[in-house]
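Written out below as structure tokens is the structure these notes cover.
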Amino acid sequence: MAELKFELVSPARLLMSASVGQVTVPGAEGEFTVLANHAPMVSALKPGVLVVTPAGGAPERIFVRGGFAEVNAEGLTVLAEEAVAVADIQPGQLAQAVKNAEEDLADAKTDDARSRAQETLDHLKSLAAVL
Amino acid sequence: MPSLKDLRNRISSVKATRKITKAMQMVAAAKLRRAQESAVAARPYGERMNAVLTSLARNMTGGATSLPLLSGTGRDQTHLLIVATAERGLCGGFNNSIAKLAREHADRLLAQGKTVKMLLVGKKGADALRRLYGKHFIDQVDLRSAKVIGFEHAKMISDKVLKLYADGEFDVATVFFSEFKSVIQQTPKALRLIPADVGAGAVAASGAGAVYEYEPDEEAILADLLPRNISVQIFRALLENAASEQGARMSAMDSATRNAGEMINKLTQKYNRQRQAQITKELIEIISGAEAL
């Protein structure tokens, strides 16, 4: 099987650069799977799980949020504002974080703090929703 | 003429100064490596973003007027200058060169009768510009508490900028920062953020010839991408700035250390000469005393 060149980039650094079998991307209008020689396309991302399957290997699940995916003749590039490997997230920790964020939101006094707390909470909830 | 004791005191105080500048240089060197790494690591994202944005924008030329972030407000009256500098001094001409570039830019705009507004990132730039342009300041961002510049800081600044833009507070935004070329060379630079500067420079980007399929349509993606691009550009500016600051500090502290060393040598020589002169003088006194007998 032809290999697909895949890159996952976050603003801070290049997270992953490898030849893989296939990648499933949570596109804004639905999930899609990219194999080698896919037609060129650009899609926005919705918060969700990116499934990277190396040729003949076990799939790896990565949570991504905000950004877009670009497929061209060279391969697939995913630009995500945030990317966390699902294996690194512990369920208990997440529940605790959601609770903290809810408290922060309730405690927030200024508009600025409130919108920041709301953003954190939305983020955590979207993370919780996909797991 | 300073006494021997005065000289001894001066030598020891210059030695203490040299120790401090030497330590600062080493700290800056360590921080520089980290800052440089993160600046380099952040480059791919910005480049990809630019490539996609360029190809999108080129396909859109026609009916792009619905996106003010790309096409501008159609006016050129009010300019927002985002001046990014360091939080600390003692880094040579780093802060001053950025402030100077911003000042020249502001003066030119003011001479043309435009309105200038300033958003200051970092304390030192604000200090340098306050006396002349204090009345143009609209906001100040303090990154003093941030140990490492993260994307969230850039996001916070870009949110402010986008909000101001949405409220019609300005027409053109330019960010001023220092580009990191090498440890001894940092160039202050102005980069236009709004309207987005896409075009000529990036045409050679990868896959430029390919026909893309867009999901959702081009306009929706562009609308999503443009604000993101602002944060990415600001993030890049902040990282370049962080690396430049450490580089500038390192070379400034290096020359300070060397100057202190030179001064110590000079003072030590003076001290020795004076001591010798005193010994000679005492000997002469003893000898001439003995001869007189």
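Order of the sequence lines sets the chain letters (A, B, ...), proteins ahead of strands, with each chain counted from 1.
When the shell of 6.0 Å around CD1 of B:I138 is examined, it contains more than 12 heavy atoms from other residues, nucleotides or ligands. Counting heavy-atom neighbours within 6.0 Å of A:K46 NZ, excluding the residue itself, gives a total above 12. Counting heavy-atom neighbours within 6.0 Å of A:N37 CG, excluding the residue itself, gives a total of 12 or less.
Applying the ring-ring contact (aromatic ring centres under 6.0 Å, His included) criterion to B:Y45, with sequence neighbours excluded, gives no partner residue. The side-chain hydrogen bond (donor to acceptor under 3.5 Å, both in side chains) search around B:S38 returns none, not counting sequence neighbours.
Proximity to chain A is limited to the side chain of B:L225, based on heavy atoms less than 4.5 angstrom apart. Only the side chain of A:E7 comes within contact range of chain B, judged by heavy atoms closer than 4.5 Å. Both the backbone and the side chain of A:A44 come within contact range of chain B, judged by heavy atoms closer than 4.5 Å.
Of all the heavy atoms in B:I221 and A:V42, the pair that sits closest is CD1-O, 3.5 Å.
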Report task. Go through the steps for A:F68 and B:D224 under the test side-chain contact (heavy atoms from CB on, under 4.5 Å), then give the verdict. Result -> CA-CA 9 Å; A:F68 64 93; B:D224 178 54; 5.7 Å; no
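Ranked by heavy-atom pairs shorter than 4.5 Å toward chain A, the options B:R43, B:M49, B:M156 are led by B:M49.
Considering OG1 of A:T77 and CD of B:E47, their distance stands at 12.0 Å, rounded to 0.5 Å.
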